[in-house]
Amino acid sequence: MMTYAGRFAGKVAVVTGAAQGIGRTVALRLAREGGKVALVDRSALVEEVRHEAESAGTEALAIPADLETFAGATDAMRQAQERFGRIDILVNNVGGTIWAKPFAEYEEAQIEAEIRRSLFPTLWCCRAVLPLMLRDGGGAIVNVSSVATRGVNRVPYAAAKGGVNAITACLAWENAAHGIRVNAVAPGGTEAPPRRIPRNLAAAAEQTGQEHRWWREVEAQTTASRLMHRYGSTDEQEAAILFLASDEASYITGVTLPVAGGDLG
């Protein structure tokens with residue numbers, strides 16, 4: 001991984017889902033490259049990431065929040081703006097598959113939970129940050145989508161991420177004239193350290209042998225559908241996210257970039 005010293009100097013970034021995985025990696029590299037960071041997550045682990053970011057020599061703020069609600073998203077952006085005075089970059093990273101099974105096997109509550117987890121945090125955070133970026137005359141939003149919009153055993157998650165792609169395109173059209181760029185990355189399967197807090201404790205505890213087999217079908221399809229036939233790393237995902245967030249991408253908006261070893265989703 002190459003770090004570009006000072007690339008985000010003078011910038012304020014909000015990273016959601018910053019406690020673990022891709023969000024943590026993005027937040028810490030932003031800190032190493034000079035950005036001030038507001039780290040948003042509903043897990044208390046985000047405080048550990050704040051300490052790591054500050055150790056890199058930047059200012060950091062940990063904000064516990066439930067971004068599945070508009071009130072949670074609005075309060076998070078308010079806290080970041082009050083602490084740092086502005087928000088230049090928003091990385092919407094909250095989301096992730098909770099269950100994996102054929103669509104006919106999903107319960108109503110599970111479908112709704114998948115949509116709340118992987119669509120609404122991006123929708124609410126975009127709505128909450130846009131008035132601030134419009135007031136300040138610009139900004140960059142990077143949404144984390146997924147190439148799983150085409151795949152097996154994750155229809156509700158795919159629907160949510162398809163919505164993220166639509167949000168990205170439409171907001172880019174609406175806001176280009178105001179100096180606000182809106183892009184997305186669409187990660188494929190990504191190797192990350194084991195989650196210290198699973199996305200759904202009950203689902204993890206109650207998973208049956210059949211559900212393990214459905215997950216293996218997802219993993220097999222994930223590897224088979226990409227030209228490089230491997231999973232990516234969090235560093236490879238973070239590099240694409242921060243390119244789109246940076247001034248290096250100043251002429252790019254409305255794009256959903258697959259970062260999936262050749263799988264276009």
Side-chain angles (χ1 to χ4, degrees), residues 1-43 45-63 65 67 73 76-77 80 84 87-96 118 121-122 125-126 129 139-147 161 164 168 181-193 195-197 199 231-249 252 255-260:
M1 179 192 68
M2 182 177 293
T3 299
Y4 299 88
R7 179 165 55 156
F8 294 103
K11 302 281 189 179
V12 175
V14 176
V15 181
T16 73
Q20 302 183 83
I22 293 171
R24 176 182 176 277
T25 305
V26 167
L28 293 179
R29 183 161 168 191
L30 273 163
R32 287 193 296 270
E33 296 191 6
K36 300 176 183 179
V37 289
L39 313 165
V40 188
D41 204 289
R42 63 185 178 187
S43 168
L45 295 175
V46 74
E47 281 288 348
E48 297 180 13
V49 184
R50 176 181 67 81
H51 286 299
E52 291 181 77
E54 290 176 338
S55 296
T58 193
E59 292 183 57
L61 172 67
I63 304 174
L67 299 180
M77 300 307 149
F84 297 116
I87 298 172
D88 301 296
I89 297 163
L90 169 63
V91 177
N92 282 311
N93 175 64
V94 173
S118 292
T122 295
C125 285
C126 285
V129 83
I141 297 172
V142 183
N143 299 323
V144 178
S145 181
S146 175
V147 294
K161 291 302 190 179
V164 169
T168 300
R181 298 185 300 105
V182 188
N183 293 292
V185 296
T190 302
E191 295 283 1
R195 293 184 65 84
R196 293 168 64 185
I197 299 177
R199 291 194 174 100
Y231 273 47
S233 69
T234 54
D235 286 345
E236 287 171 320
Q237 300 300 338
E238 154 261 291
I241 291 167
L242 292 187
F243 165 67
L244 290 173
S246 75
D247 291 340
E248 295 171 331
I252 301 174
V255 168
T256 295
L257 174 67
V259 187

Between T122 and N143, do the side chains contain a donor N or O and an acceptor N or O under 3.5 Å apart?
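Looking only at side-chain atoms, T122 and N143 do not form any donor-acceptor pair under 3.5 Å.
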
Exercise: identify the closest heavy-atom pair between [X] and [Y]:
X    : Y    : result
V94  : G17  : CG2-N, 3.4 Å
P187 : A260 : C-CB, 4.4 Å
A53  : L28  : N-CD2, 3.6 Å
E54  : A60  : OE2-O, 3.5 Å
T190 : Y231 : N-CD2, 3.4 Å
L67  : A76  : CD2-CB, 4.3 Å

Rounded distance [0.5 Å steps], [atom1] in [X] versus [atom2] in [Y]:
X    : Y    : atom1 : atom2 : result
Q237 : L242 : CD    : CG    : 11.5 Å
D88  : S246 : CG    : OG    : 12.5 Å
E248 : F243 : CD    : CZ    : 6.5 Å
I241 : I89  : CD1   : CD1   : 12.0 Å
L257 : I252 : CG    : CD1   : 8.5 Å
T58  : E33  : OG1   : CD    : 11.5 Å

Donor-acceptor pair, distance only, cut-off 3.5 Å: does the side chain of [X] make one with the backbone of [Y]?
X    : Y    : value
K161 : V144 : yes
D41  : A19  : yes
E236 : S233 : yes
N183 : V255 : yes
T16  : N93  : yes

Is there side-chain contact between [X] and [Y], with heavy atoms separated by less than 4.5 Å?
X   : Y    : value
V49 : L45  : no
K11 : D247 : yes
F8  : V37  : no

Would you check, one step at a time, whether the test side chain to side chain contact (heavy atoms under 4.5 Å, CB included) holds for V164 with S118?
CA-CA 8 Å; V164 169; S118 292; over 6 Å; no

Would C125 and V14 count as a side chain to side chain contact (heavy atoms under 4.5 Å, CB included) if you check the C-alpha gap in whole Å, the side-chain angles of each, and the deciding distance to 0.1 Å?
CA-CA 10 Å; C125 285; V14 176; over 6 Å; no

Can D235 and R29 be counted as an ion pair, charged N to O under 4.0 angstrom?
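No, no charged N to carboxylate O under 4.0 Å.
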
Decide yes or no on side chain to side chain contact (heavy atoms under 4.5 Å, CB included) for L90 and M77, but give the supporting numbers first.
CA-CA 10 Å; L90 169 63; M77 300 307 149; 3.8 Å; yes

After noting the C-alpha distance and the side-chain angles of I63 and L61, does the key distance pass the side chain to side chain contact (heavy atoms under 4.5 Å, CB included) rule?
CA-CA 6 Å; I63 304 174; L61 172 67; 3.8 Å; yes

